[in-house]
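Worksheet: one structure, shown below.
Indexing begins at 1, ligand by ligand and atom by atom, following the structure's order.
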Amino acid sequence: MQIVHYPHPILRYRSAAVRRVDAELRTIVAEMFELMYEDKGVGLAANQVNLPLRLFVANPAGDRDEGEELVFINPVISRPRGSLESEEGCLSLPGIYADVTRPASVHVHAYDLDGNEIDDDVDGFLARIVQHETDHLSGTMFFDRLPEAARLSVEPALQDSDIVFRQRRTEGGIPDDAQLQSDWAEWIARYGQPASDPIA
Ligand code: CO
């Protein structure tokens with residue numbers, strides 16, 4: 001398992017709802033936490049490891065020995081309140097940061113790995129993470145939320161990332177679209193419920 005970088009196609013995919021959790025999925029989630037810590041992240045969505053399922057992991061402390069490890073399955077965000085600008089980055093776009101304006105607090109409904117319901121109002125850094133990661137599951141990247149001028153300022157970096165991606169694909173490091181679609185279909189057959197409109 002590895003973190004995929006923009007513009008890997010799964011980053012624009014609308015992930016499938018999770019309908020069951022088994023030992024293998026728990027192992028995958030544990031590996032997602034490890035990859036997140038290795039890359040000094042605070043959140044990681046399943047599609048960032050090429051898994052087309054609606055779940056993400058988070059630990060606002062960004063350290064396996066601190067904070068709390070949170071798993072959000074099938075998250076739904078509602079009740080946005082306020083507005084806050086804050087710098088964001090993304091493990092699928094290393095080295096690129098920009099100020100993103102989002103609601104300051106939101107309500108999130110989800111389930112944890114044991115099927116317990118999460119029904120919380122979140123604010124502060126956790127609200128930021130929950131919104132960034134839930135966006136991933138709908139195929140939205142943080143730079144999609146930038147105003148035009150800021151979007152243009154990250155454009156050269158996005159183009160660089162695009163060149164690296166194409167090069168890696170040419171060298172055989174990344175499967176072609178047909179192979180990816182077939183891999184995703186297998187995961188969805190095992191754990192998911194297909195989205196009615198899979199392309200964001
Ligand atoms: Co991200």
Who else is in V76's hydrophobic cluster (ILVMFWY, side-chain heavy atoms under 4.5 Å, direct or via others)?
none
Got a salt bridge between D144 and R12, using NZ or NE/NH1/NH2 to carboxylate O under 4.0 Å?
yes
Run the side-chain contact (heavy atoms from CB on, under 4.5 Å) test on Y6 and L158 for me, step by step, so that the C-alpha distance in whole Å, both residues' side-chain angles and the decisive distance to 0.1 Å come before the verdict.
CA-CA 8 Å; Y6 178 82; L158 297 182; 4.1 Å; yes
Between H8 and N47, a side-chain donor and acceptor under 3.5 Å:
no
Tracing side-chain contacts under 4.5 Å among Ile, Leu, Val, Met, Phe, Trp and Tyr outward from V108 reaches F56, L70, F72, I77, V106, I118, V122, L126, V130, L137
The remaining residues in the hydrophobic cluster of I129, counting side-chain heavy-atom contacts under 4.5 Å among Ile, Leu, Val, Met, Phe, Trp and Tyr, are V42, F125
Counting no waters, how many protein N/O/S atoms sit under 2.8 Å from the Co ion (ligand 1)?
3
